[in-house]
**Student:** 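First, the structure itself, so that you have it in front of you.
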2 protein chains.
Amino acid sequence: MRKKRTNDPEGMRRRVLDVAADSFQARGYHASSLGDLMAAAGVTGGALHHHFPTKKALALAVIDERVAAALLETWIAPVRAAPSAREGVRDVFEAVAAELEQQGYVRGCPLNNLAHELSLADDQFRAALASIFAGWRQAIADKVRDDQRTGGEGGTDPDRFAALTVAAYSGAMSMAKTAQDSGVLRECLRGLISLST
Amino acid sequence: MRKKRTNDPEGMRRRVLDVAADSFQARGYHASSLGDLMAAAGVTGGALHHHFPTKKALALAVIDERVAAALLETWIAPVRAAPSAREGVRDVFEAVAAELEQQGYVRGCPLNNLAHELSLADDQFRAALASIFAGWRQAIADKVRDDQRTGGEGGTDPDRFAALTVAAYSGAMSMAKTAQDSGVLRECLRGLISLST
DNA sequence: TCCAAAACAGGATGATCATCCTGTTTATAA
DNA sequence: TTATAAACAGGATGATCATCCTGTTTTGGA
């Protein structure tokens, strides 16, 4: 019997973060036990504790590295790349709605899920989540300002539009998750569009 | 030493529900231990178990009796009593914002807080919360239809307006809670109004 | 008055969970 | 090669928690 082991700190860290991000979104922070995460990731207690000394440290890493990245990928980057803020917002709503429809269930927005459970519990959690919200809003507002500089988009207040968009999306996802029906997303998008044209 | 005790089933049930509703909103369902609730309500384990056999039963009672009642009081009744749907919505937003400003902190919307934590965990929770959301939207949509019947309110789609309003409010409260700043509520309200006039 | 059921008391129990601790193995740099 | 730290293993521990159980008191009806 040969003994073999290959140390792979980055890979192990990544696997734990993958499993934790998934479980936190599906079951929430408190309902996700470290034992479950260890089993799901195929990681021992010692390894987990080495990379993340506490559960809180793990959650902060999930927020900083996974939740922020997910928002960048599904919202911020597409809006920046879109021809206009309004078109970008519409496309993201529709893309998310389409994805939810084909997967058949709604787990909600990772940012909102964690924000509700953690922002009152711990100020470090709160601050980390708040800064992601702020970056989200700013990306949309900046895009509106860009549109205004290059001719389009009349007198829309960029910050108001951004706040309303983020709020409408977050709230729509809340309802979609609770009803397990992504139709609300499209309904809210139509409301946003029909009001602003 | 005289022994005295006055049975007060309704009062005891009410006190437990008060404490539980408060704690569920402030700390969430999982982070609220029955021991804490017992201490805060001044109730023994036997009494608690007599009125609510399980923690889940307690939470369902909180949802059905307290969360639903809170929404009726702060949203549905004011909107129904308002001269128009739009004015009702605006007044509620402003009333809530004013209340949050004077109390100095934001605990979020009880319905949304519980919806995020519980709707994926248990289908009975999910269904109870979803029906409250549905009633909320319907009350607003009905008010719009009333307005249209009595002359006002042009071609606004009642269901779209209701969905957008509830989503915007829920999402704005999410952000306000995470940022601990009620300003977002007013910002979103301005966005809603400026788009719809 | 008497009795059965409801209301309440308070401790027991077993399971769960996050953290910690003591080792062992692998990588790195001198 | 060797020393040192990082990476990993796996069990121990103590605390917490929801539920249950046995017993006592109160209440309302017969």
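Below, chains carry the letters A, B, ... as their sequence lines are ordered, and counting in each starts from 1.
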**Student:** Are A:His49 and D:dA9 close enough that a side-chain N or O sits under 4.0 Å from OP1 or OP2?
**Tutor:** no
**Student:** If the cut-off is 4.0 Å, is B:His50 near the phosphate of C:dA7, judged by side-chain N/O to OP1 or OP2?
**Tutor:**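 Yes, because at least one side-chain N or O of B:His50 sits under 4.0 Å from OP1 or OP2 of C:dA7.
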**Student:** With no hydrogens and no angle check, is any side-chain donor or acceptor of A:Gln148 less than 3.5 Å from a backbone partner on A:Thr156?
**Tutor:** yes
**Student:** Just the rounded figure in Å: distance from P of D:dC17 to CZ of B:Arg27.
**Tutor:** 11 Å
**Student:** Tell me which nucleotide among C:dA18, C:dT19, C:dA27 gets nearest to the side chain of A:Asn7.
**Tutor:** C:dA27
**Student:** How many whole angstroms separate atom NZ of B:Lys56 from atom C1' of D:dA18?
**Tutor:**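 Rounded to the whole Å, the gap is 15 Å.
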**Student:** Taking B:Arg15 for the side chain and B:Ala41 for the main chain, is one N or O donor matched with an acceptor at less than 3.5 Å?
**Tutor:** yes
**Student:** Output yes when a side-chain donor or acceptor of B:Ser131 lies under 3.5 Å from a complementary backbone atom of B:Ala128, and no otherwise.
**Tutor:** yes
**Student:** Of the nucleotides C:dA27, D:dT26, D:dC20, which one has an atom closest to the side chain of A:Thr6?
**Tutor:**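 It is C:dA27.
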**Student:** Just the rounded figure in Å: distance from C1' of C:dC8 to CG of B:Asp8.
**Tutor:**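 Result: 12 Å.
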**Student:** Closest approach to the side chain of A:Met12, judged atom by atom: which nucleotide of D:dT19, D:dC8, C:dT19 is it?
**Tutor:** D:dC8
**Student:** If you compare every side-chain N and O of A:His51 against the phosphate oxygens of D:dA6 (OP1, OP2), does one of them come in below 4.0 Å?
**Tutor:** no
**Student:** Quick one: B:Leu48 CG to D:dC21 P, roughly how many Å, whole number?
**Tutor:**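 So the CG-P distance, B:Leu48 to D:dC21, works out to 16 Å.
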**Student:** If you pin A:Gly46 and B:Gly42 to their nearest nucleotides in DNA chain C, which one's is more 5'?
**Tutor:** B:Gly42
**Student:** Would you list the atom pairs, donor with acceptor, under 3.5 Å between side chains in residues 108-120 of chain A and any protein atom, with sequence neighbours excluded?
**Tutor:**
residue: A:Asn112; atom: OD1; partner: B:Ser174; partner atom: OG; Å: 3.0
residue: A:Asn112; atom: ND2; partner: A:Ser170; partner atom: OG; Å: 2.9
residue: A:Asn113; atom: OD1; partner: A:Lys177; partner atom: NZ; Å: 3.1
residue: A:Asn113; atom: ND2; partner: A:Arg107; partner atom: O; Å: 2.9
residue: A:His116; atom: ND1; partner: A:Asn112; partner atom: O; Å: 3.1
residue: A:His116; atom: ND1; partner: B:His116; partner atom: ND1; Å: 3.2
residue: A:His116; atom: NE2; partner: B:Ser174; partner atom: OG; Å: 3.1
residue: A:Glu117; atom: OE1; partner: A:Tyr29; partner atom: N; Å: 2.8
residue: A:Glu117; atom: OE2; partner: A:Tyr29; partner atom: N; Å: 3.4
residue: A:Glu117; atom: OE2; partner: A:His30; partner atom: N; Å: 2.9
residue: A:Ser119; atom: OG; partner: A:Ala115; partner atom: O; Å: 2.5

**Student:** Send over the distance from B:Glu10 CD to C:dA6 C1', rounded to a whole Å.
**Tutor:** 12 Å
**Student:** Name the closest nucleotide to the B:Ala47 side chain, picking from C:dA18, C:dC8, D:dT19.
**Tutor:** C:dC8
**Student:** In this structure, how many angstroms lie between the C1' atom of C:dC17 and the CG atom of A:Asp36, rounded?
**Tutor:**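 Whole-Å distance recorded here is 10 Å.
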**Student:** Look at the side chain of B:Arg5 and the base of D:dT25, then say whether one donor and one acceptor between them are separated by less than 3.5 Å.
**Tutor:** yes
**Student:** With a 4.5 Å heavy-atom cut-off, do A:Leu34 and A:Leu58 have their side chains touching?
**Tutor:**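 When only atoms from C-beta onward are counted, A:Leu58 and A:Leu34 do touch, with a gap below 4.5 Å.
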**Student:** Calculate the interatomic distance between A:Arg15 atom CZ and D:dA7 atom C1'; express it in whole Å.
**Tutor:**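 It works out to 13 Å between those atoms.
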**Student:** For B:Leu37 and D:dC17, give me the distance from atom CG to atom P, rounded to whole Å.
**Tutor:** 10 Å
